[in-house]
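Read the numbers this way: they start at 1 and go in the same order the structure lists the ligands and their atoms.
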Amino acid sequence: MAVKLTLANYRTNVHNDWCPGCGDFGILSAIQMALADMQLDPSNIAIFSGIGCSGKTPHYINTYGIHTLHGRVLPYALGAKLANPSLIVLAVGGDGDGLGIGAGHFVNAGRRNVDITYIVHDNGVYGLTKGQASPTLKRGLRPKSLPRPNINEAINPIAIAIAAGYTFVARAYAYDNKHLKEIIRKAISHKGSAFIDVLQPCPTYNDITTKEWYAGEDRIDPETRKPIPRVYKLEDTGYDGEVQSPDPAEAEKKIAVALAKSFEWGDRIPIGVFYRNPYVPSYEERIASRIPNYLTIPPARQPIHDAEKHPTADIEQIMEEFLVTEA
Ligand code: SF4
């Protein structure tokens with residue numbers, strides 16, 4: 001009988017140096033809970049990170065992991081998945097890392113629909129480097145780390161992800177880690193590129209979009225005398241972003257609704273799955289349609305040396321059919 005994996009199987013004993021109260025903790029625990037819930041073998045998971053506070057995430061999860069370069073988390077993650085399509089691949093990074101310097105990779109990954117999950121820690125600042133404005137900080141806001149209000153417009157990560165072609169696009173909130181866990185589970189189960197924008201307070205540098213602000217503690221319901229939370233769940237409103245048929249016209253309709261919804265902000269901030277289309281072929285399926293050997297003997301599943309340590313990788317095994325097909 002298989003041994004049941006628990007949360008302890010996905011934790012490491014690496015010292016965690018995030019600031020107390022950081023939303024990163026909620027994201028980390030949600031990832032670990034999702035992996036444990038799904039009983040995924042840690043030895044078949046690889047987690048990649050960029051540079052930033054969130055870059056430490058793979059250090060704290062007991063799977064394979066690589067802490068990569070600034071803005072380059074997606075090329076690493078995509079490369080690993082394409083080399084070994086049976087691997088479960090997660091990429092994590094900050095909003096500055098992925099939507100600033102890494103924006104080109106973010107957009108172009110959407111076109112391919114490689115089967116990975118990309119989680120962005122979105123706090124509006126570059127926390128690791130003392131709180132400069134990130135691409136998601138709204139124009140006119142002045143968190144305590146800035147000498148003057150932000151002069152740039154903010155980008156909309158949900159709208160960009162949908163326009164770029166991601167086939168699973170969601171937003172979550174770091175302090176609601178049970179809901180985030182469910183979103184991560186759905187994202188990992190989805191066959192294709194999944195993007196999750198996680199709203200994540202940075203108590204050290206961003207004193208505007210704080211935990212208290214998301215909870216609506218500055219506005220009290222006169223009847224209940226309780227705060228009116230800004231974050232609400234799409235699924236509680238009957239919203240359904242799931243495409244139900246391969247008809248492109250249906251996908252277009254869902255995209256239009258999801259895009260409109262993605263601009264809702266301020267007093268009401270939706271979280272949940274904005275859009276999912278299971279009918280777009282993954283990149284792995286597209287490659288396999290040209291190279292039939294690809295899924296059976298992908299590069300990472302071939303022996304790399306013989307008993308004498310001579311290299312044995314033979315790309316021609318994979319390419320044989322491809323060359324015949326293309327001839
Ligand atoms: Fe978290 Fe901000 Fe501290 Fe970074 S600087 S660990 S994002 S609270």
Side-chain angles (χ1 to χ4, degrees), residues 10-33 47-61 65-74 90-103 106 118-138 141-150 152 154-155 157 171-181 183-184 195-215 217-218 230-231 265 269 271:
Y10 301 93
R11 291 181 177 142
T12 68
N13 57 9
V14 176
H15 170 71
N16 190 314
D17 58 5
W18 288 330
C19 309
C22 177
D24 284 349
F25 288 102
I27 301 172
L28 172 63
S29 70
I31 294 172
Q32 290 165 325
M33 287 193 292
I47 303 183
F48 297 82
S49 65
I51 296 297
C53 299
S54 59
K56 295 281 186 67
T57 306
H59 300 237
Y60 307 139
I61 304 179
I66 297 184
H67 190 163
T68 74
L69 305 173
H70 197 204
R72 306 294 177 241
V73 61
L74 285 176
L90 275 69
V92 296
D95 42 346
D97 179 78
L99 307 175
I101 187 173
F106 175 52
Y118 181 32
I119 299 169
V120 163
H121 298 223
D122 183 354
N123 56 24
V125 293
Y126 288 82
L128 192 69
T129 51
K130 305 273 187 283
Q132 298 88 346
S134 87
T136 57
L137 187 71
K138 304 288 185 203
L141 292 188
R142 183 178 170 257
K144 63 184 175 184
S145 54
L146 296 187
R148 294 187 183 184
N150 182 24
N152 294 307
I155 64 167
R171 183 192 284 141
Y173 178 50
Y175 284 103
D176 188 346
N177 64 352
K178 288 197 178 127
H179 180 256
L180 172 55
K181 174 199 77 171
I183 297 280
I184 294 172
F195 170 68
I196 310 173
D197 179 35
V198 187
L199 304 174
Q200 177 238 318
C202 166
T204 300
Y205 293 114
N206 188 337
D207 55 346
I208 296 178
T209 51
T210 59
K211 184 181 176 187
E212 293 73 23
W213 183 82
Y214 282 115
E217 290 185 13
D218 56 324
R230 289 187 165 83
V231 173
W265 188 264
I269 301 173
I271 59 173

How far is atom 3 (Fe) of ligand 1 from its nearest protein heavy atom, and which residue and atom name does that atom have?
C19 SG, 2.3 Å

One residue to check: V125. Relative to ligand 1, which of side chain, backbone, both or neither has a non-hydrogen atom less than 4.0 Å away?
neither

Contact atoms of ligand 1, heavy-atom distance to G127 under 4.0 Å:
5 (S)

For the residue pair Y118 and F195, categorise the inter-ring angle as parallel (less than 30°), tilted (30 to 60°) or perpendicular (more than 60°).
tilted

For the student: nearest non-hydrogen atoms of R171 and I269, plus distance:
NH1-CG2, 3.9 Å

Do Y214 and Y175 have ring centres separated by under 6.0 Å?
no

Taking atom 2 (Fe) of ligand 1 as the reference point, the nearest protein heavy atom with its distance:
C202 SG, 2.3 Å

Pick from N123, L128, T204: the one approaching atom 7 (S) of ligand 1 most closely through a non-hydrogen atom
N123

Qualifying residue for side chain to side chain contact (heavy atoms under 4.5 Å, CB included) with C202, from T210, D24, D122, N123:
N123

Nearest heavy-atom pair of V92 and P58: which atoms, and what distance?
CG2-CD, 4.4 Å

Applying side-chain contact (heavy atoms from CB on, under 4.5 Å) to L128 and K56, what does each step give before you reach the verdict?
CA-CA 11 Å; L128 192 69; K56 295 281 186 67; over 6 Å; no

Under 4.0 Å from one or more heavy atoms of P203, ligand 1 contributes atoms 8 (S)

Under 2.8 Å from atom 1 (Fe) of ligand 1 - does any N, O or S atom of C53 fall there?
no

I need the atoms of ligand 1 closer than 4.0 Å to a non-hydrogen atom of C22, numbered in the order shown.
1 (Fe), 6 (S), 7 (S), 8 (S)

What are the atoms of ligand 1, with element, lying closer than 4.0 Å to any heavy atom of Q200?
7 (S)

Applying side-chain contact (heavy atoms from CB on, under 4.5 Å) to I27 and I119, what does each step give before you reach the verdict?
CA-CA 9 Å; I27 301 172; I119 299 169; 4.1 Å; yes

Under 4.0 Å to a heavy atom of Y205 - the qualifying atoms of ligand 1, by number
5 (S)

If we only count heavy atoms from C-beta on, is the L137 to P143 side-chain gap below 4.5 Å?
yes

Honestly, for H121 the part within reach of ligand 1 (heavy atoms, under 4.0 Å) is neither

